[in-house]
Amino acid sequence: MFATLPDLLRLLVVPVFGWAALRDVRTRRLPNRIWPPLYLFGALLLIWEVASLWPFAGYDGRIFLLRAAISLLFVAPLGYAFWYLGAFGGADAKAMIALAVIFPTFPAYEIGAFALPLVDTEVGVFSLTILTNTVLLGLAYPVGLAALNLVRGEASPSMFFARPVPTDSLPDRHGRLFEAPDGPTRNGLDLDALRMYLRWRGLALADLRADPEGLRDPASVDETFDPTDGGTHVGPRTDGGTAVDAEAGGDAERGAPSRPDFDDPWAAERFLDEIDHGAYGTDAATLRDGLDVVAREGRVLVSPGMPFVVPMAVGLVVSLTYGDTLFAVLGAVGLV
């Protein structure tokens, strides 16, 4: 392989993003400590290349500065903007910023008779190519989910967005409920928020499903616990803690109607008031609707979502080998 030393060093990022993608799939959590070294690594490579091109007298030096400026001043802030608007998670935005710093311009690798990436662009901002490839890969996810649902015989209007799963499996799953008591919804309860609520009450999901009417009474909340961040890697409480007040009892014990009109059903408002951070945008109404669904249904629709770092890692590999997919498609139809 022939390439500049900075471009060869950039390949070290590929296994890092591969590891991040695997961890994101398994836990939906990425440690913050992985990003600063990547930012520093990219900055050092950038300084190296700037020094080699100084004093930028020729075309190559000026075009390098322009492309680096676009990557650092447009693509990197775009990652922050997507996070601010709620389109990205925090780790997704940090990963995009890292790629903008590490890959401001197209790298070049000669392997025998091949020069990679195969498809370059007129703009020449490599982080932008990674982003467009990532978005195209992300758009394929709903099609794959629909195909999986069809293979399992689960054809429905929502098969592009969600799939039915056993309710008892929710503690080990990621994603969002795709249904409310009155039918499908794209704004259902986040499963991380569900785990936070259960840990706050010291309950397992099986406990909630065993006595939903009793636990719907806000007076049943006694001692509460650390809700954590809702990640599956934490696991349920194992100290025997419970939030059901034995003296208050459930509705069935008191002979109350099956759905009394509590001021704060499920103590949802109290939960959101007591935790010291948000619950993934969950409000009290969404939490109550989600709890009502998981308490009564044996199977629920879940939108699993796709951690953006996963298509980003694949998009990085595609960009380094094939190049800009969108540019190639537009070229094939005569638009560029």
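These figures come from a predicted structure and were not determined experimentally.
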Check the pair Leu205 / Leu198 against side-chain contact (heavy atoms from CB on, under 4.5 Å), numbers first and verdict last.
CA-CA 7 Å; Leu205 181 60; Leu198 292 173; 4.0 Å; yes
Flag, side chain of [X] to backbone of [Y], donor-acceptor distance under 3.5 Å:
X: Thr282; Y: Ala279; result: yes
X: Arg209; Y: Glu297; result: yes
X: Asp7; Y: Pro107; result: no
X: Arg288; Y: Pro265; result: yes
X: Arg176; Y: Gly188; result: yes
X: Ser52; Y: Glu49; result: yes
X: Tyr280; Y: Gly230; result: no
X: Arg67; Y: Pro104; result: no
X: His174; Y: Gly231; result: no
X: Asn149; Y: Ala162; result: yes

Measure across [X] and [Y] and return the closest heavy-atom pair with its distance rounded to 0.1 Å.
X: Phe106; Y: Thr129; answer: CZ-OG1, 3.3 Å
X: Trp83; Y: Gly89; answer: CD1-C, 3.7 Å
X: Gly315; Y: Leu137; answer: N-CD1, 3.5 Å
X: Ala3; Y: Tyr109; answer: CB-CD2, 3.5 Å
X: Ala284; Y: Ala268; answer: O-CB, 3.9 Å
X: Arg199; Y: Asp226; answer: CB-O, 3.9 Å

Given Phe327, which of Thr132, Leu335, Val119 fulfils the side chain to side chain contact (heavy atoms under 4.5 Å, CB included) condition?
Val119
Please report the interatomic distance [atom1]([X]) to [atom2]([Y]), rounded to the nearest 0.5 Å.
X: Leu99; Y: Leu128; atom1: CG; atom2: CG; value: 12.0 Å
X: Leu272; Y: Met196; atom1: CG; atom2: CE; value: 8.5 Å
X: Thr134; Y: Asp92; atom1: OG1; atom2: CG; value: 10.5 Å
X: Glu269; Y: Asp264; atom1: CD; atom2: CG; value: 4.5 Å
X: Leu203; Y: Asp211; atom1: CG; atom2: CG; value: 9.5 Å
X: Leu215; Y: Asp207; atom1: CG; atom2: CG; value: 7.5 Å

Can you get from Leu30 to Leu40 by hopping between Ile, Leu, Val, Met, Phe, Trp and Tyr side chains that sit under 4.5 Å apart?
no
Hphob cluster co-occupancy, Leu53 + Leu65, side-chain heavy atoms under 4.5 angstrom:
yes
Hey, are the side chains of [X] and [Y] touching, using non-hydrogen atoms and a 4.5 Å cut-off?
X: Val310; Y: Val25; result: yes
X: Pro307; Y: Met312; result: no
X: Leu208; Y: Leu291; result: yes
X: Thr224; Y: Arg270; result: yes
X: Leu320; Y: Val317; result: no
X: Phe161; Y: Pro304; result: no
X: Thr105; Y: Val125; result: no
X: Val294; Y: Leu189; result: no

Compute the ring centroids of Phe308 and Phe88, then answer whether they are less than 6.0 Å apart.
yes
Checking Arg29 against Asp24 for the salt bridge (charged side-chain N to carboxylate O under 4.0 Å, His left out) test, could you report, in this order, the C-alpha distance in whole Å, the side-chain angles of both residues, the deciding distance, and whether it holds?
CA-CA 6 Å; Arg29 299 293 187 277; Asp24 211 13; over 6 Å; no
Phe103 vs Phe126 aromatic rings, parallel, tilted or perpendicular, using cut-offs 30° and 60°?
tilted
Anything under 30° is parallel, anything over 60° is perpendicular, the rest tilted; go ahead and classify Tyr197 against Trp200.
tilted
Between Thr325 and Asn133, do the side chains contain a donor N or O and an acceptor N or O under 3.5 Å apart?
yes
Quick one: do Glu274 and Arg201 make a salt bridge, cutoff under 4.0 Å?
no
Test side-chain contact (heavy atoms from CB on, under 4.5 Å) applied to Leu66 and Ile63, step by step
CA-CA 5 Å; Leu66 176 61; Ile63 200 67; 4.1 Å; yes
Stepwise, does the side-chain contact (heavy atoms from CB on, under 4.5 Å) test hold for Val302 with Phe178?
CA-CA 5 Å; Val302 169; Phe178 203 75; over 6 Å; no
Please step through salt bridge (charged side-chain N to carboxylate O under 4.0 Å, His left out) for the pair Asp192 and Arg195, ending with a clear verdict.
CA-CA 5 Å; Asp192 283 350; Arg195 280 184 285 271; 2.6 Å; yes
Walk me through whether Met159 and Glu154 qualify under side-chain contact (heavy atoms from CB on, under 4.5 Å).
CA-CA 7 Å; Met159 66 183 183; Glu154 302 285 359; over 6 Å; no
With a cut-off of 6.0 Å (strictly less than), are more than 12 heavy atoms of other residues, nucleotides or ligands near [atom1] of [X]?
X: Asp273; atom1: CG; result: yes
X: Arg26; atom1: CZ; result: no
X: Tyr80; atom1: OH; result: no
X: Asp283; atom1: CG; result: yes

